[in-house]
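Below is one structure; the comments refer to it alone.
For clarity, every value in this text was computed on a predicted model and none was experimentally measured. Reckoned from all heavy atoms, side chains included, excluding hydrogens, waters and symmetry mates.
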Amino acid sequence: MLYRADEKTGQELSILGYGCMRFPRKASGGVDMELTEQLIARAVELGVNYFDTAYIYPGSEEALGSILEKRGLRDRVLVTSKLPHARVKKPEDATKLFETSLARLRTDHIDYYLIHNLVSFKQWQRLLDMGITEWISAQKAAGRIRRLGFSFHGTLQEFEKIIDSYDWDFCQIQYNYMNEHYQAGVEGLHMAAERGMPVIIMEPLLGGRLANALPRSAVELLKEADAAASPASWGLRWLWNQPEVTVVLSGMNSMEQLQDNCTVASEACAGCLDEAGQELIERVRGEVSRSYKVPCTGCAYCMPCPKGINIPATFAAYNESYGFSWFTGAYHYYVSAGLSSGAELHLPSECVGCGHCVKCCPQGIDVPARLVEVRRRLQPPGFKPAARAVNAIMRRL
Ligand code: SF4
Ligand code: SF4
């Protein structure tokens, strides 16, 4: 296992982190504790020392906490968890949620604690107004939170505002070779690294789709280059090739996957992907993009939209609905519109055709017209009032 240092503390972090969102499940729906225990124990043996869970991942904190305790591994690993900020109306709520995480994880401290899923500066501002920084300082002084960061799914502009508004210890972003300019993207990665923040990568394989659902032509290209290397290993190599990446999270559900990921993590150093490897990824990217409907590169030059529409994320979701599956695209469409975070809802159907985006788009995309197509495919009639009602409920949770 290779390690990269948290520059702020000198702590060595395994470049492969264990994503605990989707532990293997039994047919009954509960976490398969036997297999999960074997996986976690083997991961630690192979050098993984970073485990990422969250308050809202069903059964995850409990499973991780009980396995680490049973195997006596708590002191050998770094445990992260996340605060569901929409549920925090006053600092005492944060205490309650945090205490629950500690109890489930059977620990007295969380090594890397994140504000979960910020998509806009406004959400963070709400917490600042509430006095959350005093709460954080108190937890840190008591040694209960060791490092404080945030996970992020908004635009680059919002990311920049958030990282400049607080002395964060680290951050977590979505990043992979198909999402180089999506959300915080490569610019956000560099921004955070320049500030000395470790950057944790989520969705390194686009929810497994860069491992198991690439177009056949893309898989053939990868196999021609190296018949023994899995598509997943190429996605991971591309990430670790970048020195700004600190930890890449992978949700590993089988021994085979764990072994494959760990093998790559034992040799994939920064700068190790040669020119031929980078060209190969570029060609694979081209094959995946060809299966897309809208030639949006996610550059975000069209942003911000005065109606708050996340244009690149909307097109990314639409393309995924063709390139991968309708459900994948629909899920990301709703997330990018603000549904699921309790943030204000900005649906593409709110486009007023002002034309700002069209003038800025280097790809010459007729954004308003294409948004109509997106809406037809991903936003069924009657969706808008239902979504607003769901969002209102989420805000009250
Ligand atoms: S045309 Fe529509 S999508 Fe484009 S900036 Fe104006 S409101 Fe936003
Ligand atoms: S400017 Fe064009 S290519 Fe860039 S994100 Fe906007 S729509 Fe996509």
Side-chain angles (χ1 to χ4, degrees), residues 6 9 11 13-14 16-23 31 33 36-37 39-40 43-44 48-71 73-88 91-119 123-124 127 132-133 135-153 166 168-174 197-203 246-252 340-342 397:
D6 174 341
T9 61
Q11 170 74 53
L13 308 176
S14 56
L16 177 65
Y18 207 119
C20 303
M21 181 161 79
R22 299 184 200 99
F23 280 140
V31 174
M33 291 300 288
T36 303
E37 183 177 338
L39 287 165
I40 288 176
V44 177
V48 175
N49 73 354
Y50 191 96
F51 286 77
D52 175 84
T53 182
Y55 178 93
I56 63 164
Y57 300 163
S60 171
E61 288 183 322
E62 293 91 331
L64 180 63
S66 70
I67 291 167
L68 292 179
E69 184 182 66
K70 183 177 169 197
R71 291 281 188 142
L73 295 173
R74 175 63 186 94
D75 295 338
R76 289 178 59 187
V77 300
L78 300 158
V79 168
T80 83
S81 192
K82 310 187 189 80
L83 179 72
H85 64 84
R87 299 187 190 190
V88 179
E92 298 77 55
D93 297 336
T95 304
K96 222 187 279 175
L97 292 158
F98 180 66
E99 296 285 356
T100 303
S101 287
L102 288 179
R104 290 173 175 171
L105 286 162
R106 306 189 190 190
T107 187
D108 60 0
H109 69 278
I110 292 179
D111 301 282
Y112 285 80
Y113 195 57
L114 302 99
I115 310 294
H116 197 175
N117 189 21
L118 288 178
V119 294
Q123 293 173 320
W124 173 235
L127 296 177
I132 198 78
T133 54
W135 180 83
I136 295 165
S137 300
Q139 300 302 331
K140 277 187 153 185
R144 286 153 47 102
I145 292 177
R146 300 287 162 88
R147 316 293 295 155
L148 195 277
F150 65 99
S151 65
F152 183 77
H153 282 288
Y166 182 70
W168 299 99
D169 296 314
F170 71 110
C171 66
Q172 185 164 313
I173 61 171
Q174 172 165 340
M197 294 162 67
V199 183
I200 316 300
I201 303 299
M202 57 185 156
E203 299 278 9
T246 312
V247 174
V248 175
L249 298 175
S250 176
M252 296 169 279
S340 86
S341 66
L397 287 177

Practice problem: Using ring pair (Phe, Tyr, Trp, His ring centres under 6.0 Å) as the criterion, list what pairs up with Tyr50, not counting sequence neighbours. | Solution: Tyr112
Quiz item: What distance do Met21 atom CE and Ile56 atom CD1 have between them, rounded to the nearest 0.5 Å?
Solution: 8.5 Å
Practice problem: Compare all side-chain heavy atoms of Ile40 with those of Phe51 and state whether any distance is below 4.5 angstrom. | Solution: yes
Quiz item: Less than 4.0 Å between a side-chain N and a carboxylate O, is that true for Lys82 and Glu61?
Solution: no
Quiz item: Do the non-hydrogen side-chain atoms of Arg74 and Val79 ever get within less than 4.5 Å of each other?
Solution: yes
Quiz item: Does Arg71 have any side-chain hydrogen bond (donor to acceptor under 3.5 Å, both in side chains) partners at least two apart in sequence or in another chain, and if so, which?
Solution: Glu37
Practice problem: For the residue pair Trp168 and Trp124, categorise the inter-ring angle as parallel (less than 30°), tilted (30 to 60°) or perpendicular (more than 60°). | Solution: tilted
Quiz item: Would you say Asn49's side chain and Ser14's backbone share a donor-acceptor pair under 3.5 angstrom?
Solution: yes
Quiz item: Shortest non-hydrogen contact from Phe98 to Arg144?
Solution: CZ-O, 3.4 Å
Quiz prompt | Results of side-chain hydrogen bond (donor to acceptor under 3.5 Å, both in side chains) for Tyr18 - residues two or more places apart only | solution = none
Practice problem: List for me each residue that meets side chain to side chain contact (heavy atoms under 4.5 Å, CB included) alongside Ala94, sequence neighbours excluded, and say none if there are none. | Solution: Leu83, Val88, Ile132, Trp135
Quiz item: With Glu62, which residues qualify under side-chain hydrogen bond (donor to acceptor under 3.5 Å, both in side chains), at least two apart?
Solution: Arg104
Practice problem: State, to 0.1 Å, how close Gly59 and Val31 come at their nearest heavy-atom pair, and which atoms those are. | Solution: O-CG2, 4.1 Å
Practice problem: Compare all side-chain heavy atoms of Ile67 with those of Thr36 and state whether any distance is below 4.5 angstrom. | Solution: yes
Quiz item: Partners of Tyr166 by side-chain hydrogen bond (donor to acceptor under 3.5 Å, both in side chains), sequence neighbours excluded?
Solution: none
Quiz prompt | Minimum heavy-atom distance between Ser60 and Thr53, given as atom pair plus value | solution = OG-OG1, 2.7 Å
Self-check item: Rounded distance [0.5 Å steps], CD in Gln172 versus NE2 in His153
Solution: 7.5 Å
Quiz item: Taking Phe170 as the fixed residue, which of Thr246, Leu114, Asp6, Thr9 is the one that meets the side-chain contact (heavy atoms from CB on, under 4.5 Å) rule?
Solution: Leu114
Self-check item: Sequence-distant partners of Arg146, side chain to side chain contact (heavy atoms under 4.5 Å, CB included), two or more places apart
Solution: His109, Asp111
Practice problem: Supply the atom-to-atom distance Ile115 CD1 to Leu127 CG, rounded to the nearest 0.5 angstrom. | Solution: 6.0 Å
Quiz prompt | ring pair (Phe, Tyr, Trp, His ring centres under 6.0 Å) against His116, all qualifying residues, sequence neighbours excluded | solution = Tyr57
Quiz item: Is the closest side-chain heavy-atom distance between Leu68 and Arg106 below 4.5 Å?
Solution: no
Exercise. Compare all side-chain heavy atoms of Leu64 with those of Leu105 and state whether any distance is below 4.5 angstrom.
Key: yes
Practice problem: Just jot down the side chain to side chain contact (heavy atoms under 4.5 Å, CB included) partners of Lys140, sequence neighbours excluded, or say none. | Solution: Ile136, Ile145, Leu148, Asp169
Exercise. Compare all side-chain heavy atoms of Ser66 with those of Met33 and state whether any distance is below 4.5 angstrom.
Key: yes
Practice problem: Measure the shortest side-chain to side-chain distance between Cys171 and Val199 over non-hydrogen atoms and say whether it is less than 4.5 angstrom. | Solution: yes
Exercise. Grab the two heavy atoms, one from Leu16 and one from Ser250, that are nearest each other, plus how far apart they are.
Key: CD1-CB, 3.8 Å
Quiz item: If you look at every heavy atom in Asn117 and Ser151, which pair is closest and at what distance?
Solution: N-OG, 2.6 Å
Exercise. Supply the atom-to-atom distance Thr80 OG1 to Ile110 CD1, rounded to the nearest 0.5 angstrom.
Key: 8.0 Å
Exercise. Check side chain to side chain contact (heavy atoms under 4.5 Å, CB included) between Arg76 and all other residues, then give those that pass, not counting sequence neighbours.
Key: Val44, Leu73
Quiz item: Does a side-chain heavy-atom distance below 4.5 Å link Arg87 with Lys96?
Solution: no
Quiz item: Between Ser81 and Ala54, what is the shortest heavy-atom contact and its length?
Solution: OG-CA, 3.5 Å
